[in-house]
Amino acid sequence: MNEFVPLDFAAAWQAFTRQRYGDQTDKDDRAMWASFAEQYDERTRFSDGLQTLLEALVHPGDTVLDVGAGTGRIALPLARIARRVTALDHSPAMLDVLRRKMIQQEVNNIQIVETTWQQAEVEPHDVVIAIWSLYRQSDILTALRKLVTATRRTLVIADGDSGMRPPHEMPHADLLSEIWGGGAGQGIPNYLYFAGMLWQIGVRANVQVIYEQRAYQGATPAEIARQLVPARATPEQIERFSTRLEPLLCRNGNGYSYRYTVPIGIVTWTRG
Ligand SMILES: C[S@@+](CC[C@H](N)C(=O)[O-])C[C@H]1O[C@@H](n2cnc3c(N)ncnc32)[C@H](O)[C@@H]1O
């Protein structure tokens, strides 16, 4: 008897995202980003390693498409190298922050496109990136095929590891899943789903994982908690999280500190 059952990465990913975001509409997602857009850059740490890697893949003269560009954390640095960047996002609030930063930083080669990836009509770009932005696709394989079609040379998808293992990598992972759902500690790392799903559509990608140390300081546990909670957290949830987080923190002269390791998966495909 053949006991080998090929893993359907797409079906597993859709089940995982349905469990996490299933009851939220695109409108809900936009409302969530609207309430968080102004704090996004401050509250969300960006990976220097990822930025360096992306900068090395973009050549002067390139066009870049950033799908789910948000506040332009990566679109802005890439615009300094590329000829033109298309920053696509469905959240007007996130794009407003990007518009403001473009003026402040005197960047004028970013074209903003406000739409969902599902509805977007885009021409091919040399480099296409989707960084933590593919969590809302109800037909993920169609979304990935569209990314591949839009890629003239290099496609990069970056995502994290919802299945954090071993547990010491992120001591508060179980708390996050207890309060916000999503089953931390289960499943497989998000970036492996993406490599698997690309493989399902005939695209052999490379996977690179970088591990970054995150260090947080705060006068109180609540100060640290606010830096760790998901964007959709309510004040009550933050308070509950903060109380439960305290035993995991180290006390020091100035208050509290907290360190953990973040794995970031970078899935890259270059058209042969
Ligand atoms: C976690 S943020 C990442 C932003 C940016 N890539 C970064 O790394 O800072 C996710 C972004 O994806 C956008 N997004 C989510 N689903 C989308 C969709 N279906 N179409 C377009 N944008 C989407 C959200 O509006 C949000 O700005």
Side-chain angles (χ1 to χ4, degrees), residues 21 24-123 125-136 147 150 156-160 212 214 216-218 223 225-235 238 262 264:
Y21 305 105
Q24 287 171 41
T25 62
D26 279 348
K27 203 170 151 208
D28 293 335
D29 190 63
R30 286 191 287 268
M32 188 277 291
W33 289 114
S35 67
F36 185 60
E38 290 298 331
Q39 302 147 52
Y40 181 80
D41 287 356
E42 187 192 317
R43 281 235 327 244
T44 317
R45 305 231 171 157
F46 200 62
S47 156
D48 291 340
L50 173 60
Q51 182 167 329
T52 306
L53 199 139
L54 288 167
E55 284 173 349
L57 292 172
V58 174
H59 308 157
D62 276 352
T63 55
V64 176
L65 169 64
D66 185 352
V67 175
T71 59
R73 286 190 310 169
I74 196 66
L76 280 159
L78 294 187
R80 301 199 181 283
I81 304 169
R83 177 162 53 87
R84 181 168 50 79
V85 175
T86 306
L88 183 147
D89 202 289
H90 77 152
S91 161
M94 294 290 267
L95 292 174
D96 279 347
V97 176
L98 169 56
R99 279 189 192 93
R100 199 172 62 222
K101 284 159 66 179
M102 284 172 64
I103 294 169
Q104 284 162 354
Q105 298 179 27
E106 298 180 5
V107 171
N108 52 24
N109 60 340
I110 298 181
Q111 188 199 355
I112 291 180
V113 178
E114 189 186 309
T115 185
T116 62
W117 178 236
Q118 302 86 300
Q119 289 171 324
E121 286 176 24
V122 288
E123 59 187 31
H125 288 61
D126 297 307
V127 178
V128 175
I129 63 172
I131 313 294
W132 281 288
S133 58
L134 296 175
Y135 57 95
R136 294 208 46 75
L147 287 171
V156 184
I157 298 171
D159 213 307
E212 292 193 343
R214 294 278 192 270
Y216 296 84
Q217 292 287 339
E223 254 179 46
R226 275 194 291 276
Q227 300 173 67
L228 298 172
V229 295
R232 61 187 189 281
T234 62
I238 297 176
V262 187
I264 299 164

- Task: Side-chain contact test, heavy atoms from C-beta onward, threshold under 4.5 Å: evaluate it for T63 versus R83 and give yes or no.
- Result: yes
- Minimal heavy-atom distance between G61 and D126, with the atoms involved, is O-OD2, 4.2 Å
- Answer yes or no: is there a side-chain heavy-atom contact under 4.5 Å between V85 and Q111? no
- Item | Separation between CG of L147 and CG of L134, rounded to the nearest 0.5 Å | 6.0 Å
- Note on the structure: OH of Y216 to CD of Q227, rounded to nearest 0.5 Å, is 6.5 Å
- Test item: R136 side-chain N/O and Q24 main-chain N/O as donor-acceptor pair under 3.5 Å: yes
- Query: Do the side chains of E223 and Q217 get nearer than 4.5 Å, heavy atoms only?
  - Reply: no
- Any side-chain heavy-atom pair of L76 and L98 under 4.5 Å: yes
- Roughly how far apart are L78 CG and D62 CG, rounded to 0.5 Å? 10.0 Å
- Note on the structure: Rounding to 0.5 Å, atoms OG1 (T115) and CD (E121) come to a distance of 8.5 Å
- Item | Smallest separation among heavy atoms of P92 and H90, with atom names | CD-O, 3.3 Å
- Message: Whether the side chain of N109 engages the backbone of A82 through a donor-acceptor N/O pair (distance < 3.5 Å, no angle test) should be reported.
- Response: yes
- Is there a donor-acceptor contact under 3.5 Å from the side chain of E106 to the main chain of M102? no
- Evaluation steps, side-chain hydrogen bond (donor to acceptor under 3.5 Å, both in side chains), between Q51 and E55: CA-CA 6 Å; Q51 182 167 329; E55 284 173 349; 3.0 Å; yes
- Query: Is L95 close to R99 at the side-chain level, that is, under 4.5 Å between some pair of heavy atoms?
  - Reply: yes
- Note on the structure: Residues I131 and V156: closest non-hydrogen pair is CD1-O, 4.5 Å
Could you pull out all donor-acceptor pairs under 3.5 Å where a side-chain atom in residues 66-74 meets a protein atom, sequence neighbours excluded?
residue : atom : partner : partner atom : Å
T71     : OG1  : D41     : OD1          : 2.6
R73     : NH1  : T44     : O            : 3.2
R73     : NH2  : Y40     : OH           : 3.1

- Task: Would you tell me whether H125 and T86 have side-chain atoms, one donor and one acceptor, within less than 3.5 Å of each other?
- Result: yes
- Go through the side-chain N and O atoms of Y135 and D29 and say whether any donor and acceptor fall under 3.5 Å apart. yes
- Item | Heavy-atom closest pair, residues L65 and V122 | CD2-CG2, 4.0 Å
- Message: Please determine whether a side-chain nitrogen of the Lys or Arg among E123 and R84 lies less than 4.0 Å from a carboxylate oxygen of the Asp or Glu.
- Response: yes
- Message: side chain to side chain contact (heavy atoms under 4.5 Å, CB included), that's the test. Do V58 and I129 meet it? Break it down for me.
- Response: CA-CA 11 Å; V58 174; I129 63 172; over 6 Å; no
- Close side-chain approach of V97 to R100, heavy-atom, < 4.5 Å: yes
- Message: Testing the basics here: between R30 and S91, what is the closest heavy-atom pair and its distance to 0.1 Å?
- Response: CG-CA, 4.2 Å
- Do you know the tightest heavy-atom contact between W132 and I264? CH2-CG2, 3.9 Å
- Message: Can you tell me how far apart CZ (R226) and CD (Q39) are? Round to the nearest 0.5 Å.
- Response: 10.5 Å
